[in-house]
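Accompanying notes for the structure given below.
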Number of protein chains: 2
Amino acid sequence: MAEKPSRRDQILTAAAELFARHGFHGVGIDDIGAAVGISGPALYRHFRSKDAMLGEMLTSISERLLDGGQARVDAASSPDEALQALIGWHVDFALDDPALITVQMRNLANLTDPDRRRVRALQRRYVEVWVETIRRTVPDFDEPTARAAAHAVFGLINSTPHSAHLDRDQMAALLSRMALASLTPAVVTS
Amino acid sequence: MAEKPSRRDQILTAAAELFARHGFHGVGIDDIGAAVGISGPALYRHFRSKDAMLGEMLTSISERLLDGGQARVDAASSPDEALQALIGWHVDFALDDPALITVQMRNLANLTDPDRRRVRALQRRYVEVWVETIRRTVPDFDEPTARAAAHAVFGLINSTPHSAHLDRDQMAALLSRMALASLTPAVVTS
DNA sequence: CGGGGAGGTTAGCAGCCGTTTACCTAGTCG
DNA sequence: CGACTAGGTAAACGGCTGCTAACCTCCCCG
């Protein structure tokens with residue numbers, strides 16, 4: 001038996017694509033329906049509301065990001081290895097799911113208040129994983145600096161949806177190298 | 001006589017702030033009016049439509065970015081100097097006008113078709129300035145790679161609105177160093 | 001002094017869009 | 001076989017929102 005993408009998931013991926021391209025408010029219920037072959041209000045058999053779709057989309061991506069990142073760090077046997085694993089993880093994610101990454105970056109503001117709190121909390125924890133990993137390999141970064149650097153690296157890696165000129169592997173290599181280099185400036189400058 | 005921020009400009013900066021925070025469709029005409037002390041439809045004395053505000057906002061920022069970048073490159077006396085000047089220019093811009101940078105990154109899709117074409121053209125020219133400058137200092141990047149690297153650096157620098165934990169000067173120094181380091185990975189690795 | 005334009009105001013319309021409702025099928029299972 | 005459920009449809013409603021209309025007031029200038 002093949003893995004069946006359970007309709008809900010079909011809808012979520014289609015909606016993610018549309019949200020990424022046109023923005024949350026720029027996409028109508030009917031558009032989402034049309035994208036999966038059903039039309040309009042049929043979506044309410046699967047989701048309580050349009051907001052609920054965005055909510056589920058963003059909480060699930062935030063959880064995956066956090067869990068995967070944490071796992072990679074835990075599996076590493078040295079700080080340098082941990083940082084490289086973390087970078088690789090985020091790069092893979094951004095390259096494999098550009099729509100989700102885009103939605104997560106741009107549409108936090110469109111969440112319901114409770115959903116936003118949940119997502120924010122997960123994101124904070126993910127950032128914290130990065131901050132700790134960075135500080136272990138770049139000891140001269142204090143905590144606020146490491147946090148700012150982490151956000152900068154996210155921006156660097158998440159830029160991938162805007163430049164699809166390279167093939168996947170080249171892009172992954174480029175982004176990983178740039179991200180790593182951006183985090184180790186003091187090491188080589190005399 | 002002091003420089004008077006001509007109402008139109010007041011409106012544009014207020015609107016930029018709101019668009020950055022809530023997204024184009026998430027902001028009502030009345031919200032923008034309220035932000036400058038007048039209410040609602042009075043805006044139509046200054047702009048033809050809400051779309052026109054976004055259009056003017058984005059074309060003007062794209063022009064400023066391009067002109068300033070080109071000027072900095074022209075004034076430089078060596079490729080390395082040009083790259084550093086370009087980075088410094090973009091960093092300053094992002095730090096001084098975080099709202100505009102955010103709107104430009106996120107709300108391209110909400111433009112009218114002709115406006116979008118104009119803005120896209122300007123952005124392409126700006127990217128081209130970066131690509132040429134990068135390729136002069138990093139000769140082993142081919143053109144598609146340099147373009148992808150440029151977008152990655154934009155993402156890195158434009159991340160600044162999401163992390164205001166550092167003061168302006170520290171942030172500028174951090175972002176400049178990271179950007180420069182991310183673009184010169186091959187130089188130091190043996 | 002008197003009239004015209006610049007820049008406000010409020011009231012109201014028109015259209016879009018998320019959501020609800022009522023109804024219709026297929027399967028499934030006791 | 002009969003009934004319940006999962007999943008779909010089309011129609012209608014209601015609120016929000018961009019924009020227009022009609023009107024009002026300064027202020028400037030001949």
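Sequence lines set the chain letters: A, B, ... in the order given, protein chains first and strands last, and positions in each chain run from 1.
Protein atom CZ of A/Phe19 is 9 Å distant from nucleotide atom P of C/dG18, rounded to whole Å. For the pair B/Asp31 CG and D/dG18 C1', the computed distance is 12 Å after rounding to whole Å. Put simply, CD1 on A/Ile38 is 6 Å from P on D/dT9, counting in whole angstrom units. The distance between atom CZ of A/Arg48 and atom P of C/dT20, rounded to the nearest whole Å, is 10 Å. Rounded to an integer number of Å, the gap from B/Asp30 CG to D/dC19 P is 12 Å. Here the C1' atom of nucleotide D/dT17 and the NE2 atom of B/His22 are 16 Å apart, to the nearest Å. In this structure, CE of B/Met53 is placed 11 Å from C1' of D/dC19, rounded to the nearest angstrom. Between the NE2 atom of A/His25 and the C1' atom of D/dT17 there is a distance of 12 Å, rounded to whole Å.
Counting heavy atoms from C-beta outward, A/Asn158 and A/His90 have side chains that approach closer than 4.5 Å. B/Lys50 places a side-chain heavy atom less than 4.5 Å from the side chain of B/Phe24.
Relative to the side chain of B/Lys50, the nucleotides C/dT9, D/dC19, C/dT19 differ in distance, and D/dC19 lies closest. Listed nucleotides C/dG18, C/dG8, D/dC19 differ in distance to B/Arg7; the shortest reach to its side chain belongs to C/dG8. For B/Ala42, the side-chain atoms get nearest to C/dG8 when compared with the rest of C/dG8, D/dC19, C/dG18. With distances taken from any side-chain atom of B/Ser39 to the nucleotides C/dT20, D/dG18, C/dT9, the minimum falls on C/dT9.
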| Should B/Arg64 and B/Asp97 be marked as a salt bridge (charged side-chain N to carboxylate O under 4.0 Å, His left out) after you check the CA-CA gap, both sets of side-chain angles, and the distance that decides it? | CA-CA 12 Å; B/Arg64 280 169 55 200; B/Asp97 258 320; 3.3 Å; yes

| How far apart are the C-alpha atoms of B/Leu58 and B/Ile61, what are their side-chain angles, what is the distance that settles it, and do they pass the side chain to side chain contact (heavy atoms under 4.5 Å, CB included) test? | CA-CA 5 Å; B/Leu58 288 197; B/Ile61 187 187; 4.2 Å; yes

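Contact check, B/His46 against C/dG8: a side-chain N or O comes under 4.0 Å of OP1 or OP2.
Enclosure of atom CZ in B/Arg116 by more than 12 non-hydrogen atoms of other residues, nucleotides or ligands within 6.0 angstrom is indicated.
The nearest heavy atom of DNA chain C to A/Phe24 and to A/Arg45 marks one nucleotide each, and the one closer to the 5' end goes with A/Phe24.
Using a 4.0 Å heavy-atom criterion, one finds that A/Val36 contacts no nucleic acid atom at all.
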